Structures are given as C-alpha cells and as structure tokens.
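The chain is numbered in sequence order, starting from 1. As the structure is a prediction and not an experimental result, all values here were calculated from the model.
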Amino acid sequence: MNNYSKTIASLLHYNDVIRGTLEYAIRKESYDKKFYDLRKKEVKLEIENQTPLKVCLDNSGEQGQKVFEQINNFYDEIYGDDSTIVKDRQEGISVDHAQNITILEQTIQLHEVINDIVNAHVSGAIQNQQFEKNVLEQVLKIDELYYRGFAFRLLLDELDYLFAEYNKARQEAKGGITPQSNFIQNDLSKVVNLCNLTRQKSHITSSDYYEVVDPLFALIEMTSGRRDLPVGKNFGQVISELKKIIIDHLIRWENEWKGCYIPFMNQFIEEARAEAQKAQPQA
C-alpha cells in the first residue's frame, strides 16, 4: 500500500469503531463488554496519538478543532465514565434506550464527518495519481453500502417504535394532541432527519441499494400522510415487509463486507508491523 492507501485504511478502521456504537441503539438483553472496552479505548486513542486522523485535524485549523470537540463529546456522551446512556456495570453493559435518539444522532453525524475526511483523501489520491484502484475501490464501495444498510435498519426500528408510541398516545387522548404526543413527534422528526442525512451523504448508485432506500422513504411519506398506504395493507404489514427487505440485503452486504474489509485490514496491519520492525534500531 502507498501512503494514501494506508491513511485511508486507518480512517476506515476508525469509522468502523464509530459505526459499532450503533449497536447500543438495538434493544437486546446483553452487549459484549469486550467490544465496549475496545471501542471506548480506540475512540480516544485515535485523537491522542499521532494517527492520520489527528494529523489531518491538527492541520485543519478551526474546522479540525470542531471535529476534535465532536469526537470528545461523542466519547463523553456514550463511553465516558459519567455517561447516562451506556453504563459499564458489574453485571454487564446496560443501555438507556430512552436515549436512543442521542446514540443515533451522535454516531451517524460523527460517522459522516469521518467519511468526508476519507473521501477527501480519496480525491487527493486520485488527483496525485496515487489511487490504488485494485486495493481500495471494492472495499470503499462495500464499506459504505454495509454502513448505510445498517444505519437504515436501526433508523427503521426506531421509526417503528416511535410511530407505535405516537399512535398509542393519540389513542389514549381520544385523538387529541398532548405534550407526550408532541414529544414523540419531535423524536420522529429527528429520526426522519437522520434518514435524510444518511441518504444525502451517500455515493452509492447500485439498484440493490435503492431497493432499500425507495420503500423506506415511501414509508416515511405514508407516516406523515403524504402518501397513501398500499391497497389492502396496514402500517404493520408495510413495516414488516420493509424490515425483511432490509435485513435480507444487510445479511448479504455484511458477508460481502467481511470478505473484502477483513483481508484489506489484515494487509494494512501486516505492512504496518513490517515497517515498525524495520524502524527499530538494529542490535
């Protein structure tokens, strides 16, 4: 790998760490403490050591400082010892799912910032005729495809949960609007905004990607009353069908990602170790 490819590999690894934080928006019984400890360590180490990301941010003036602050805030909110969202207890990792919106906002927004930095380095490599297409092209494509599929899956889960809570609040108020329904509607708007951000920042043009995106945004229009439900179907049926579509695609994308990303990162690690050994003084 040339220097551009190594920098891009380092940035992709960090974005994988950030992406992993989306796990805490999944409502499940337990979370792996090993992964929690690893993410907590790597989020902070990346900006404390002379990594490609830190060098880039150090050389980016005020904008770089803003990203430092965003990363530190992300760490404090999710992984900090005083976090009220994810807690490392003696009995295991616990998550306050009432704060899922914060997890989704913090993670998706930071991931897009790092992704912009990746894309800037890709552009630099192309301009300087240093873009190793055989090394980078496929891994960049499938990494983004897997991430956006994963993000859309979790955003749909949260949309489903909040939409049910909103309808319940309205039914209990006999159709009336209450402070509770307004609060839920505000969270629904945040989820829709994150869906929009995830779509707007995408560089993917493949038809299988739009097999997820198009019905998702059709559903969003249905929930807001801008589009009718399909004849003979209710919201539960439409959401269930869409979840199956996303999960089927995501399983395939994840398998493709593992088959491409893992060998790529192994090559990056092996070359980094070889360089480190060469740099050691000879006895």
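To the nearest 0.5 Å, the span separating CG on Leu104 from CG on Leu194 amounts to 6.5 Å. Taken to the nearest 0.5 Å, the CG atom of Leu159 stands 6.0 Å off from the CG atom of Leu188. Atom NZ of residue Lys33 and atom CG of residue Leu38 lie 11.5 Å apart, to the nearest 0.5 angstrom. How far CG of Leu229 is from CG of Leu219: 8.5 Å, rounded to the nearest 0.5 Å. The structure places CD1 of Ile103 at 9.0 Å from OG1 of Thr21, a figure rounded to the nearest 0.5 Å.
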Residue pair Tyr261, Ile142: steps toward the side chain to side chain contact (heavy atoms under 4.5 Å, CB included) verdict: CA-CA 8 Å; Tyr261 180 86; Ile142 193 60; 5.7 Å; no

Stepwise side chain to side chain contact (heavy atoms under 4.5 Å, CB included) check, Leu136 with Phe264: CA-CA 8 Å; Leu136 290 171; Phe264 171 76; 3.7 Å; yes

Residues Lys40, Asp88; criterion salt bridge (charged side-chain N to carboxylate O under 4.0 Å, His left out); working and verdict: CA-CA 11 Å; Lys40 180 173 183 173; Asp88 184 6; 5.8 Å; no

CA sep, side-chain torsions, deciding dist, call: Glu23, Lys28, side chain to side chain contact (heavy atoms under 4.5 Å, CB included): CA-CA 9 Å; Glu23 176 190 3; Lys28 59 182 186 178; 2.8 Å; yes

Side chain to side chain contact (heavy atoms under 4.5 Å, CB included) assessment of Ile117 paired with Leu57: CA-CA 9 Å; Ile117 296 172; Leu57 298 181; 4.1 Å; yes

Salt bridge (charged side-chain N to carboxylate O under 4.0 Å, His left out) between Lys244 and Asp248, worked out: CA-CA 6 Å; Lys244 185 179 185 308; Asp248 287 348; 2.8 Å; yes

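Residues Gly149 and Leu250 come closest through the heavy atom pair C-CD1, 3.8 Å. Nearest heavy-atom pair, Ser94 versus Arg89, reported as atom, atom and distance to 0.1 Å: OG-NE, 3.0 Å. Of all the heavy atoms in Leu162 and Ile184, the pair that sits closest is O-CG2, 3.4 Å. Between Glu144 and Lys201, the closest heavy-atom pair is OE2-O, 3.9 Å.
Between Glu137 and Lys141 there is no salt bridge, since no side-chain nitrogen of the basic residue lies less than 4.0 Å from a carboxylate oxygen of the acidic one. The existence of a salt bridge linking Lys243 and Asp160 is confirmed by a sub-4.0 Å separation between a basic side-chain nitrogen and an acidic carboxylate oxygen. By the 4.0 Å N-to-carboxylate-O rule, Glu112 lies close enough to Arg148 to be salt-bridged with it.
Using a 4.5 Å heavy-atom cutoff, the side chains of Asn73 and Glu77 are in contact. With contacts defined as side-chain heavy-atom distances shorter than 4.5 Å, the pair Glu165/Asp187 does not qualify. Looking only at side-chain heavy atoms (C-beta outward), Leu140 and Asn119 stay at 4.5 Å or farther from each other. Counting only heavy atoms from C-beta outward, the side chains of Val118 and His121 never approach each other to under 4.5 Å. A 4.5 Å side-chain heavy-atom check between Leu216 and Ile245 finds every atom pair outside the cut-off.
For the ring pair (Phe, Tyr, Trp, His ring centres under 6.0 Å) condition, the pairs that include at least one residue of residues 15-66, sequence neighbours left out, are Tyr24-Tyr31, Tyr36-Tyr79. Under the ring pair (Phe, Tyr, Trp, His ring centres under 6.0 Å) criterion, the residue pairs touching residues 161-220 are Phe163-Phe235, with sequence neighbours excluded. Residue pairs meeting the side-chain hydrogen bond (donor to acceptor under 3.5 Å, both in side chains) criterion with at least one member in residues 57-69, sequence neighbours excluded, are Lys54-Asp58. Under the side-chain hydrogen bond (donor to acceptor under 3.5 Å, both in side chains) criterion, the residue pairs touching residues 264-276 are Lys6-Glu275, Gln267-Glu271, with sequence neighbours excluded.
Side chain to side chain, Thr51 and Asn49 fail the donor-acceptor criterion of an N or O pair below 3.5 Å. Of the N and O atoms on the side chains of Asn2 and Ser5, at least one donor lies less than 3.5 Å from an acceptor on the other residue.
Partners of Lys133 according to the side chain to side chain donor-acceptor pair (under 3.5 Å) rule, which considers only residues two or more places apart in sequence or in another chain, do not exist here. Listed by chain and number, the residues in a side chain to side chain contact (heavy atoms under 4.5 Å, CB included) with Thr178 are Ala173, Gln180, Ser181 (sequence neighbours excluded). Partners of Lys233 under the side chain to side chain contact (heavy atoms under 4.5 Å, CB included) rule, at least two apart in sequence or in another chain, are Pro230, Gln237, Val238, Glu241. Applying the side chain to side chain contact (heavy atoms under 4.5 Å, CB included) criterion to Asn182, with sequence neighbours excluded, gives Ile177, Gln185. Residues forming a ring pair (Phe, Tyr, Trp, His ring centres under 6.0 Å) with Trp253 (at least two apart in sequence, or on another chain): His249.
Within 6.0 Å of CG on Asn128 lie more than 12 heavy atoms contributed by other residues, nucleotides or ligands. In the displayed structure, Glu91 atom CD is contacted under 6.0 Å by more than 12 heavy atoms of other residues, nucleotides or ligands. Other residues, nucleotides and ligands contribute only 12 or fewer heavy atoms inside 6.0 Å of the CG atom of Asn3.
In the hydrophobic clustering (ILVMFWY side chains linked at under 4.5 Å, chained through shared members), Ile247 is joined by Ile251.
In terms of modelled atom types and a separation under 3.5 Å, the side chain of Gln99 and the main chain of Thr84 share a donor-acceptor contact. A donor-acceptor pair under 3.5 Å is formed between the side chain of Ser224 and the backbone N or O of Glu221.
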Which atom pairs, donor and acceptor, lie under 3.5 Å between side-chain atoms of residues 8-20 and protein residues at least two apart or in another chain?
{"unit_1": "His13", "atom_1": "NE2", "unit_2": "Glu42", "atom_2": "OE1", "d": "2.8"}
{"unit_1": "Tyr14", "atom_1": "OH", "unit_2": "Val43", "atom_2": "O", "d": "3.0"}
{"unit_1": "Asn15", "atom_1": "ND2", "unit_2": "His111", "atom_2": "O", "d": "3.3"}
{"unit_1": "Asn15", "atom_1": "ND2", "unit_2": "His111", "atom_2": "NE2", "d": "3.4"}
{"unit_1": "Asp16", "atom_1": "OD1", "unit_2": "Arg19", "atom_2": "NH2", "d": "2.9"}
{"unit_1": "Arg19", "atom_1": "NH1", "unit_2": "Asp143", "atom_2": "OD1", "d": "3.4"}
{"unit_1": "Arg19", "atom_1": "NH2", "unit_2": "Asp143", "atom_2": "OD1", "d": "3.3"}

I'd like a table of donor-acceptor pairs (distance under 3.5 Å, sequence neighbours excluded) in which one partner is a side-chain atom from residues 150-158, with atom names and distances.
{"unit_1": "Glu158", "atom_1": "OE1", "unit_2": "Arg27", "atom_2": "NH1", "d": "3.0"}
{"unit_1": "Glu158", "atom_1": "OE1", "unit_2": "Asn100", "atom_2": "ND2", "d": "3.0"}

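Ile71 and Val55 sit in two unconnected hydrophobic clusters of ILVMFWY residues. Membership requires side-chain heavy atoms under 4.5 Å apart, directly or through other members. A single hydrophobic cluster is seen to contain both Ile126 and Val139, as judged by linkage of ILVMFWY side chains at heavy-atom distances under 4.5 Å, directly or through other members.
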